[in-house]
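Here's the structure, in structure tokens; my notes come after.
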Amino acid sequence: MSTTENHKLDIRRPDAHVIRRPDAHVIRRPDDWHVHFRDGGMMETVVPYTARQFARAIVMPNLAPPVTTVNAARSYRGRILAAVPEEVRFEPLMTLYLTDDTDAEEMSAGFRDGVFTAAKLYPANATTNSASGVSDISQIAGVLERMQADGMPLLVHGEVTDPAVDVFDREAVFIERVMAPLVRNFPELKIVFEHVTTSEAVDFVRARYDEAPGRMGATITAHHLMINRTDIFRGGIRPHLYCLPIAKREQHRLALRAAATSGDGPFFLGTDTAPHAVAAKETGCGCAGVFSAPVAMQVYAQAFDEDNKLDALEAFASLNGPAFYGLDVNTDTVTLERVESEARRRVLAPGGEEIESFFGDDKLQWRFSHS
Ligand code: NCD
Ligand code: ZN
């Protein structure tokens, strides 16, 4: 049965209604290299889910207004830490939202001081809260030079915003129009192609990585490993499966599966968990974003298990990301057990807003716990 639960969940026991149990898989504690926490009551509601599973997370800066200064990042980080439950250890890694007016000096100082781990490039109007994103890469050439010199990673939302380009083609066209020239013009810049959804992106990242390991990586979400574009319309329109980049054809989902479960260096875990109130999703013009934080590791484990690649889960979830970012791997471990349970369909934020979880209608095949 699906349940609505209060935000004061017991974070040590997230999976209700356990039905059966056998084998277990232990890995180093994973990190999430792409999350949206929002702010205020929504943030306080969703942070515990991520903090419970992941030791660190790259926090997206697309607040309203976006995180464009060192001070804004410092204070946002403080608010996130205040929302972390006492019994878990969690480190938010902050990002700078690039605009046409980003100050390279401030960015560089923020990176040097450890406030920023990376900077995020949203093409203007590509997705939620991206109106003040970058209008043209040429506008930020100086900033990119500086990032390249400093070794500061650039995280890219890889979709063109040209309204003439079909929404399902926006990532592939972005590679040709923006990503390939970017890589050519800034050969030493460390780039993460965020939430890849196409075989073209997988192939592009792999080729760049093979030329120069550590130079380029890609995050892959749990939901893009599980759904294709037909699922968004299965039996009727399913707003909770609408996200950007939108899920593509089955052949692309299979390419993402192969990339993630290869365990190869360029591919690492980034959920892109992106909570929106149910009312903002179930409406005439609904927001893009899948909220997967409560079920993230359970769903990744299922995907890897379905492909008989559980042995590659640790590389994808816990090793490749730190290697790319030049950070230590986590020393503690987590356990995934093959135990079937019902997912919780919705969580409740203070103020009465509900947020629908990915997999909320489905049974989870795996249970997550700290070892
Ligand atoms: C994200 C959001 O809601 O902030 N939405 C999404 O569909 N992924 C923005 C983003 O990462 O594109
Ligand atoms: Zn995102």
Side-chain angles (χ1 to χ4, degrees), residues 31-40 42-43 45-47 49-50 54 57-67 76 80 92-98 117-134 153-161 167-168 170-171 174 178 191-198 201 217-227 229 231-232 237-248 256 268-283 285-293 296 321 349 353 355-358:
D31 303 298
D32 187 343
W33 302 98
H34 186 130
V35 304
H36 298 269
F37 280 151
R38 316 303 188 203
D39 214 340
M42 175 80 90
M43 178 204 66
T45 304
V46 300
V47 161
Y49 290 100
T50 294
F54 300 100
I58 285 273
V59 180
M60 288 296 128
N62 64 330
L63 302 183
V67 179
Y76 186 31
I80 293 166
L93 304 173
M94 309 310 290
T95 59
L96 170 71
Y97 182 108
L98 295 176
T117 298
K120 179 71 191 264
L121 170 64
Y122 285 105
N125 302 314
T127 185
T128 308
N129 295 338
S130 62
S132 34
V134 173
L154 175 71
L155 316 184
V156 181
H157 182 109
E159 288 191 289
V160 292
T161 54
V167 69
F168 295 98
R170 287 184 183 173
E171 184 173 287
F174 185 89
V178 184
I191 300 172
V192 182
F193 199 146
E194 295 286 350
H195 40 52
V196 291
T197 59
T198 58
T219 50
I220 301 180
T221 76
H223 50 282
H224 289 113
L225 292 177
M226 302 311 277
I227 64 161
R229 69 186 200 177
D231 291 314
I232 305 169
I237 192 156
R238 294 179 177 270
H240 298 289
L241 299 183
Y242 171 58
C243 64
L244 289 172
I246 197 160
K248 308 298 192 296
L256 300 176
F268 40 87
L269 186 158
T271 60
D272 193 19
T273 177
H276 291 277
V278 166
K281 297 280 294 172
E282 296 180 3
T283 178
C285 186
C287 293
V290 169
F291 174 54
S292 58
E353 282 181 333
I355 314 160
E356 176 120 347
S357 175
F358 185 55

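Just follow the structure's listing: the first ligand is 1, and inside any ligand the first atom is 1. Please read all numbers here as calculations on a predicted model, not as lab measurements. The first residue in the sequence is number 1, and the count goes up from there.
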Tell me yes or no: between the side chains of Glu282 and His240, is some donor less than 3.5 Å from an acceptor? yes
Between Thr198 and Lys248: side-chain donor-acceptor atoms closer than 3.5 Å: no
Measure distances from the Zn ion (ligand 2) and count the protein N, O or S atoms below 2.8 Å. 3
Measuring from atom 8 (N) of ligand 1, which candidate in Leu63, Asn62, Asp272 has the nearest non-hydrogen atom? Asp272
Can you pull out the closest protein heavy atom to [atom]? Residue, atom name and distance to 0.1 Å, please.
atom                    : answer
atom 5 (N) of ligand 1  : Ala288 O, 3.2 Å
atom 1 (C) of ligand 1  : His36 NE2, 3.7 Å
atom 10 (C) of ligand 1 : Thr127 OG1, 3.5 Å

Ligand 1 contact on Arg38 by region, counting heavy-atom pairs under 4.0 Å: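 Answer for Arg38: side chain.
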Does the residue His195 have a heavy-atom contact with ligand 1, meaning some pair of atoms that are separated by less than 4.0 Å? yes
Could you establish whether Met60 and ligand 1 come within less than 4.0 Å of each other, counting only heavy atoms on the residue side? no
Would Cys243 count as being in polar contact with ligand 1, using the rule that some N or O on each side must be under 3.5 angstrom apart? no
Walk me through whether Thr271 and Phe358 qualify under side-chain contact (heavy atoms from CB on, under 4.5 Å). CA-CA 11 Å; Thr271 60; Phe358 185 55; over 6 Å; no
